[in-house]
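So that the names make sense, note that chain A is the first sequence line, chain B the second, and so on, each numbered from 1.
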Number of protein chains: 2
Amino acid sequence: MRDETLAPVADQPSLAERIRHEMDSFTPSEKRAAHLLLSHYPFAGLDTVAGFASRAGISGPSALRFVTRLGFSGFPDFQKHLREELEAQLLSPLAKSGPIDTGPGASALASFANAVIGNLKATVENIAPAEFDAVVTLLSDPRRNIHFTGGRFTGAVARYAESHFRIVRSHVDFIEGQPALWRDRMIEIGRKDVIVAFDIRRYQEDVTALCETGAKQGATIVLLTDPWLSPIARVARHVLPAHITAPSNWDSSAGLLLLTEALVSAVTKRLWDTAKPRMEAVERLRNR
Amino acid sequence: MRDETLAPVADQPSLAERIRHEMDSFTPSEKRAAHLLLSHYPFAGLDTVAGFASRAGISGPSALRFVTRLGFSGFPDFQKHLREELEAQLLSPLAKSGPIDTGPGASALASFANAVIGNLKATVENIAPAEFDAVVTLLSDPRRNIHFTGGRFTGAVARYAESHFRIVRSHVDFIEGQPALWRDRMIEIGRKDVIVAFDIRRYQEDVTALCETGAKQGATIVLLTDPWLSPIARVARHVLPAHITAPSNWDSSAGLLLLTEALVSAVTKRLWDTAKPRMEAVERLRNR
DNA sequence: GCTATTTTGAAATTTCTGATACAGCTTTTC
DNA sequence: GAAAAGCTGTATCAGAAATTTCAAAATAGC
């Protein structure tokens with residue numbers, strides 16, 4: 001575990017923080033429950049057990065075990081805590097530094113930007129540092145092969161990731177989503193491989209199929225998705241959810257890009273001794 | 001079709017207001033319920049019927065009658081409304097505007113995110129609304145052909161743009177940066193064409209060459225670049241600069257993505273009458 | 001590759017909650 | 001001051017929700 005930071009603000013450590021810190025000690029279904037709760041904190045937890053469980057993609061009993069593990073005597077006790085925390089938070093004088101430009105005259109660009117910024121904050125706050133670090137460690141392992149893939153829109157983000165990682169380290173490639181293009185490549189996927197998949201709602205079946213096939217062959221799956229979790233979460237070792245809703249007819253991938261860039265940055269630092277010469281070599285090739 | 005998420009703006013009068021307004025017409029026990037609810041709004045209402053009733057000093061049935069009178073079909077319905085109202089209020093952009101967590105123990109992800117958010121704000125503030133609108137108008141002209149292109153990293157953002165615009169309107173394509181791949185296509189480029197180029201520092205000569213060739217043949221160039229301006233700016237009609245510095249060995253493209261998504265959003269709205277059927281058609285093809 | 005351990009969900013069980021019927025009480029009206 | 005109308009609470013019930021049990025499935029350990 002890394003930082004032992006106490007409450008960043010004045011209030012007592014919220015349940016959300018505790019969950020983030022304990023994230024890596026959770027079982028897979030507990031992690032799912034935790035992700036759901038954190039991504040819609042704390043409202044997801046105010047649902048019924050059955051509702052919460054089904055939204056998290058787990059069974060009722062697993063949801064119960066999750067709250068028991070957090071130290072509550074039962075689901076009602078858990079909900080009571082959430083309500084009280086929420087009330088305390090809402091009644092506290094929230095320091096609200098204003099957004100860029102409020103008011104009806106705000107330009108379309110400015111209000112769109114505000115929404116995106118809100119997404120980025122929510123995304124960061126809902127990701128456990130331990131989970132992020134675990135992914136950094138995984139992607140920094142030079143003995144692993146890293147494969148990036150994504151859906152029709154997220155594919156571009158996957159490419160963006162690949163174009164950076166390709167320079168930082170070796171054994172990096174991009175896999176097109178369409179099954180016809182990866183079927184034959186899968187024979188080489190095994191325990192040494194890591195598949196980093198980008199998949200947000202209107203989840204794509206072909207990407208899911210790719211990950212399921214990979215997982216079956218022993219590959220480690222890292223998933224960057226939305227708070228509702230792509231079905232790939234079922235087979236993923238690590239899940240990093242990003243908020244994507246925007247005042248638009250389209251979802252925003254800015255959160256995914258943020259995570260991607262943060263991962264690139266962290267892995268580059270971690271592998272600096274080997275990454276630096278590689279980056280210099282690339283520069284030399286470009287400048288000739 | 002995806003659901004049309006509207007901006008979370010001017011919400012209807014909250015339940016609290018309605019209760020205050022109708023207070024006079026309540027029976028004595030209804031007034032007790034109302035007072036409790038208003039004095040601990042809305043948390044008191046999230047309790048069980050029995051809990052709410054006993055705190056209000058009334059019986060269960062009276063509490064039920066109270067919520068029925070407010071127009072809800074039952075207690076669960078009433079609670080659902082309260083939760084939704086609360087969530088909408090808490091998640092409104094205002095609540096998310098301070099910096100994330102600036103302490104020394106802040107995670108790497110959080111401080112990276114703060115830098116990116118700073119970039120987004122700076123980007124928005126340095127772009128003239130008129131310039132942005134002009135680009136929207138240009139990209140909304142159905143008689144124009146739109147070509148997207150970009151460098152080794154920004155190319156992914158250009159692809160992202162293309163994959164959205166391709167659905168919203170026709171005559172959209174992506175041009176690979178390498179001259180060998182576009183030389184022959186340039187013969188078709190002329191006055192009716194728009195080239196949208198993404199280019200940030202370590203400016204790529206091949207992208208510059210593409211734009212210069214296009215400009216010479218009468219195409220309109222739109223450039224998304226960094227504040228130091230790619231050389232393409234000399235031939236560009238419109239320039240949208242984005243801040244890109246981050247606490248990393250790499251630049252951040254988040255500002256470019258923000259501009260891209262804002263453009264997609266604005267053009268989609270502008271062309272809604274024709275974009276909607278196109279989007280529906282794409283959905284239908286995907287779902288077969 | 002097999003066993004021991006952990007994790008998980010379907011089904012059964014228990015608890016509790018929201019809803020209702022009805023009788024007593026209070027207030028209003030003539 | 002009596003009857004009618006309205007309001008309220010007790011007792012009860014039906015249904016839903018939380019919880020427990022237990023066997024299957026997955027995982028880890030050797």
Undergrad: Identify which nucleotide among D:dC7, C:dA19, C:dG9 has an atom closest to any side-chain atom of A:S29, counting heavy atoms from C-beta outward.
TA: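 Shortest atom-to-atom distance from the side chain points to C:dG9.
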Undergrad: Roughly what angle, to 10°, lies between the helix axis at the start of the helix from C:dG1-D:dC30 to C:dC30-D:dG1 and the one at its end, five pairs per end?
TA: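 The two end axes of the helix from C:dG1-D:dC30 to C:dC30-D:dG1 meet at 30°.
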Undergrad: Is the distance from OP1 or OP2 of D:dT8 to the nearest side-chain N or O of B:T27 less than 4.0 Å?
TA: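 So the side-chain polar atoms of B:T27 do come within 4.0 Å of the phosphate oxygens OP1 or OP2 of D:dT8, strictly under.
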Undergrad: State whether B:F43 and A:R83 meet the cation-pi test: NZ (Lys) or CZ (Arg) under 6.0 Å from the six-membered ring centroid, and within 45° of the perpendicular axis.
TA: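 Relative to the ring axis of B:F43, which defines the angle, A:R83 lies outside at least one limit.
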Undergrad: Given side chains that start at C-beta, do those of A:V222 and A:V239 come closer than 4.5 Å, heavy atoms only?
TA: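 A side-chain contact is absent here, since even the closest heavy-atom pair is not under 4.5 Å.
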Undergrad: According to ring pair (Phe, Tyr, Trp, His ring centres under 6.0 Å), who are the partners of A:F132, at least two apart in sequence or on a separate chain?
TA: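 Per chain and number, A:F132 pairs via ring pair (Phe, Tyr, Trp, His ring centres under 6.0 Å) with no residue.
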Undergrad: Do A:F26 and A:F66 make the cut of ring centroids closer than 6.0 angstrom?
TA: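 Yes.
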Undergrad: Would you indicate whether the side-chain heavy atoms of A:R169 and A:T274 approach each other to under 4.5 Å?
TA: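 Answer no - side chains too far apart.
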Undergrad: Between residues 58-70 of chain B and DNA chain D, which residues have a heavy-atom gap below 4.0 Å?
TA: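 Here the set is B:S59, B:P61, B:S62, B:R65.
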Undergrad: Is there side-chain contact between A:R20 and A:I127, with at least one heavy-atom pair below 4.5 Å?
TA: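 Sidechains of A:I127 and A:R20: no contact.
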Undergrad: Does the side chain of B:T48 come within less than 4.5 Å of B:F52's, by heavy atoms?
TA: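 Result no, sub-4.5 Å side-chain heavy-atom pair not found.
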Undergrad: Any chance the side chains of B:Y41 and A:E87 put a donor and an acceptor closer than 3.5 Å?
TA: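 No pair is found: no donor N or O on one side chain lies under 3.5 Å from an acceptor on the other.
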